[in-house]
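Down below is the structure, laid out as structure tokens.
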Amino acid sequence: MFKKKEISAEEIMLEAHEALNGDTADQFQKNLEELSSGPHRIITLNLSAVNAINSSCIGKILLFRKRLSEENRTIQIRGCSDSLYNTFQLIKFDKLISIEK
């Protein structure tokens with residue numbers, strides 16, 4: 001399940017409430033596409049309730065980041081578990097996207 005929450009005129013947050021895997025990848029992609037067509041300059045992903053993420057969803061985030069950067073927009077991750085944060089560090093994801101636990 002995903003929930004969008006407007007933080008300000010410039011920022012919107014997408015909260016994920018389940019693992020990001022094959023079962024949720026399509027829904028995750030649809031939410032990212034909706035956010036990319038919106039007016040917000042900063043897109044924040046709240047992954048605090050996500051205990052696992054697969055490579056397909058990581059790829060979707062990377063493609064989304066590329067699209068946003070071409071439009072001078074930003075994606076950031078705020079809130080994630082220690083294990084998810086460690087995964088991001090292992091693949092050097094934290095060098096591409098701002099991540100806060």
Side-chain angles (χ1 to χ4, degrees):
M1 182 173 115
F2 299 93
K3 181 180 175 186
K4 294 181 199 101
K5 180 178 175 182
E6 188 170 64
I7 305 300
S8 69
E10 289 210 349
E11 182 179 358
I12 191 163
M13 179 180 288
L14 177 65
E15 297 176 351
H17 295 279
E18 56 193 313
L20 297 175
N21 55 31
D23 296 335
T24 59
D26 288 340
Q27 175 106 21
F28 184 55
Q29 177 72 36
K30 287 178 188 175
N31 277 280
L32 292 178
E33 287 172 4
E34 287 175 15
L35 293 175
S36 71
S37 65
H40 300 91
R41 195 180 67 72
I42 302 168
I43 312 295
T44 301
L45 300 179
N46 182 338
L47 305 181
S48 57
V50 175
N51 59 1
I53 187 169
N54 71 6
S55 59
S56 173
C57 290
I58 289 173
K60 291 177 188 314
I61 294 172
L62 287 172
L63 288 173
F64 185 61
R65 176 196 167 271
K66 182 180 181 206
R67 185 181 318 156
L68 290 178
S69 70
E70 290 169 354
E71 301 171 359
N72 291 320
R73 297 167 70 195
T74 305
I75 182 173
Q76 58 189 7
I77 296 173
R78 298 291 177 259
C80 66
S81 67
D82 287 338
S83 63
L84 199 57
Y85 186 75
N86 290 338
T87 299
F88 290 152
Q89 284 186 311
L90 282 172
I91 61 171
K92 305 215 185 301
F93 209 55
D94 58 327
K95 304 293 184 205
L96 301 172
I97 296 174
S98 173
I99 302 172
E100 288 182 11
K101 288 188 200 180

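- The side chain to side chain contact (heavy atoms under 4.5 Å, CB included) search around A52 returns A19, not counting sequence neighbours.
- At a threshold of 4.5 Å between non-hydrogen side-chain atoms, the residues E6 and H40 count as touching.
- Every side chain to side chain contact (heavy atoms under 4.5 Å, CB included) that I91 has, sequence neighbours left out, goes to I58, F93.
- Side-chain atoms of L45 and L32, non-hydrogen and from C-beta on, do get closer than 4.5 Å to each other.
- Atom OG of residue S48 and atom CD1 of residue I77 lie 11.5 Å apart, to the nearest 0.5 angstrom.
- In this structure the side chain of F28 reaches within 4.5 angstrom of the side chain of L14, judged on heavy atoms.
- Taking each heavy atom of L47 and A16 in turn, the nearest pair found is CD2-CB, 4.1 Å.
- Other residues sharing a hydrophobic cluster with L63 under the 4.5 Å side-chain heavy-atom criterion for ILVMFWY residues do not exist; the residue is a singleton.
- In this structure, M13 belongs to a hydrophobic cluster whose other members, linked by side-chain heavy atoms under 4.5 Å apart, are I7.
- For D94, the side chain to side chain contact (heavy atoms under 4.5 Å, CB included) partners are Q89, I99, not counting sequence neighbours.
- By the 6.0 Å contact criterion, NZ on K5 is open, its count of non-hydrogen atoms from other residues, nucleotides or ligands being 12 or less.
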Do S98 and R78 pass the side chain to side chain donor-acceptor pair (under 3.5 Å) test, and can you show the C-alpha distance, the side-chain angles, and the key distance before you say yes or no?
CA-CA 8 Å; S98 173; R78 298 291 177 259; 3.1 Å; yes
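- Here the straight-line distance linking atom CD of E100 with atom OH of Y85 works out to 9.0 Å at 0.5 Å rounding.
- A distance of 11.0 Å separates CD1 in I53 from OG in S83, rounded to the nearest 0.5 Å.
- The two atoms that bring L20 and T24 nearest to each other are CA-OG1, 3.3 Å, heavy atoms only.
- No chain of hydrophobic side-chain contacts below 4.5 Å, direct or via other Ile, Leu, Val, Met, Phe, Trp or Tyr residues, connects I42 to I61.
- When the side chain to side chain contact (heavy atoms under 4.5 Å, CB included) test is applied to T74, the partners found at least two apart in sequence or on another chain are R41.
- Rounding to the nearest 0.5 angstrom, the gap separating the CD1 atom in I75 from the CG atom in L96 is 11.0 Å.
- Between L84 and V50 the shortest heavy-atom distance is CD2-O, 3.8 Å.
- Between the side chain of R73 and the backbone N or O of S36, at least one donor-acceptor pair lies under 3.5 Å.
- Distance check: L35 CG to K4 NZ gives 6.0 Å after rounding to the nearest 0.5 Å.
- Interatomic distance, OG1 of T87 versus CG of N54, reported as 11.5 Å (0.5 Å rounding).
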